[in-house]
Structure formats: C-alpha cells, structure tokens
Amino acid sequence: LNGGAVPSAPPTYT
Amino acid sequence: MAINENALRKMLSKGYKYRDLTVREITNVTTQYKDLRPVMDNYVFNDGSTKELLSLTGTVPVTYRGNIYNIPICLWLLDSYPYNPPICFVKPTSTMMIKTGKHIDANGKIYLPYLHEWKHPQSDLFGLIQVMIVVFGEEPPVFSRPTTQTQYPAFQT
C-alpha cells in the first residue's frame with residue numbers, strides 16, 4: 001500500500 | 001490508488017458525525033489526487049490533548065517556475081468535518097525547509113482565506129487543494145535544503 005510520489009521541493013534560491 | 005470505501009467508513013466510525021459526507025469527499029479527492037491517502041493518527045491540540053483523527057496525507061503536484069514538485073501535506077479532519085475546515089500542514093522531509101510567509105507559519109501550518117472562510121457545502125477538500133496548488137505555485141511553502149548530499153527523505157507511510 002505504498003506508491004505515492006516522492007516528495008520534492010524547489011531548490012533554495014542562491 | 002483506489003480507496004476502499006468500506007475501510008474508510010470503518011476508519012470514520014469513531015466519532016465522525018457526518019461520516020457519509022466525509023467518505024464521499026475523501027473518495028472523490030483521492031481519485032483526483034492519487035498521491036493523497038487517508039490515515040488515522042493522533043492529532044495533538046494546542047492544549048496538549050490528543051485525539052485520533054483522520055488525515056489526508058501525501059503530496060500534491062505544484063508547478064513552480066515551470067517545474068512540477070510534489071509538495072508534502074497533511075490535512076487533518078475534525079470529527080465535525082465538513083462543518084469545520086481541515087487543519088492543514090506542509091510536512092517538510094529531512095531535505096526540505098519550511099519557507100514561512102503569509103500562508104505558512106514556522107510549524108508548517110497553512111493559513112488560507114479559503115480555510116478561514118470555510119463553509120460547507122461551498123467549501124470542500126477538492127476546492128481547498130486546488131487553491132493550495134495555485135497559492136503554492138506562487139509561493140512554495142518548502143524549499144530544498146542547500147546541500148549536495150542526495151538522500152531520500154524518510155517519508156512516513
């Protein structure tokens with residue numbers, strides 16, 4: 001019962 | 001992933017006053033947003049008390065500057081749902097940090113006019129998630145930590 005997308009986030013601004 | 005409606009009814013048998021409405025909404029929203037799933041867990045209130053509540057946990061796809069990110073969120077449904085809004089959080093993984101702002105506090109709690117002005121039946125989970133996707137596409141609630149190490153985040157199942 002897993003699946004689900006891998007969480008991701010935008011890269012930090014530099 | 002299709003949600004088993006009977007399992008959901010059983011999950012909501014503990015105290016949820018408007019179970020049929022809630023089952024219908026969750027079934028609907030998890031059909032549209034397949035990376036969200038219902039989970040029973042203890043919610044800790046501000047006064048320290050806990051209650052076993054249903055949360056919708058997982059990710060929603062957010063487009064930011066042309067890229068799609070799977071933003072991790074958790075929406076807690078009170079036993080009075082849908083007559084009260086869900087309590088919503090962004091759930092950063094170990095490789096992310098919260099970006100506080102107008103809509104996000106340091107605990108990751110999400111504040112939106114849609115939640116503030118929540119009124120059943122005009123407001124629902126589907127509408128809420130659509131609003132979140134738009135708002136987060138303008139101001140992401142989380143960013144990746146500046147590190148070169150790549151590690152897969154521990155994602156609670």
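Below, chains carry the letters A, B, ... as their sequence lines are ordered, and counting in each starts from 1.
- Between A/Pro7 and the options B/Thr95, B/Thr59, B/Ile71, B/Val90, a side chain to side chain contact (heavy atoms under 4.5 Å, CB included) holds for only B/Thr59.
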For side chain to side chain contact (heavy atoms under 4.5 Å, CB included), just list the numbers for B/Met97 and A/Thr12, CA-CA rounded to whole Å, side-chain angles, deciding distance to a tenth of an Å, and then say yes or no.
-> CA-CA 9 Å; B/Met97 53 191 185; A/Thr12 307; 3.6 Å; yes
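- Both B/Leu56 and B/Met40 are members of a single hydrophobic cluster when ILVMFWY side chains are connected at heavy-atom separations under 4.5 Å.
- Remark: B/Asp47 CG is packed, more than 12 non-hydrogen atoms of other residues, nucleotides or ligands lying under 6.0 Å away.
- With hydrophobic clusters built from ILVMFWY side chains whose heavy atoms lie under 4.5 angstrom apart, B/Leu112 shares a cluster with B/Val62.
- The main-chain N or O of A/Ala5 is never found under 3.5 Å from a side-chain atom of B/Asn70 such that the two would form a donor-acceptor pair.
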Exercise answer: donor-acceptor pairs, residues 127-144 of chain B side-chain atoms, under 3.5 Å, sequence neighbours excluded:
residue  : atom : partner : partner atom : Å
B/Ser144 : OG   : A/Ala9  : O            : 2.9

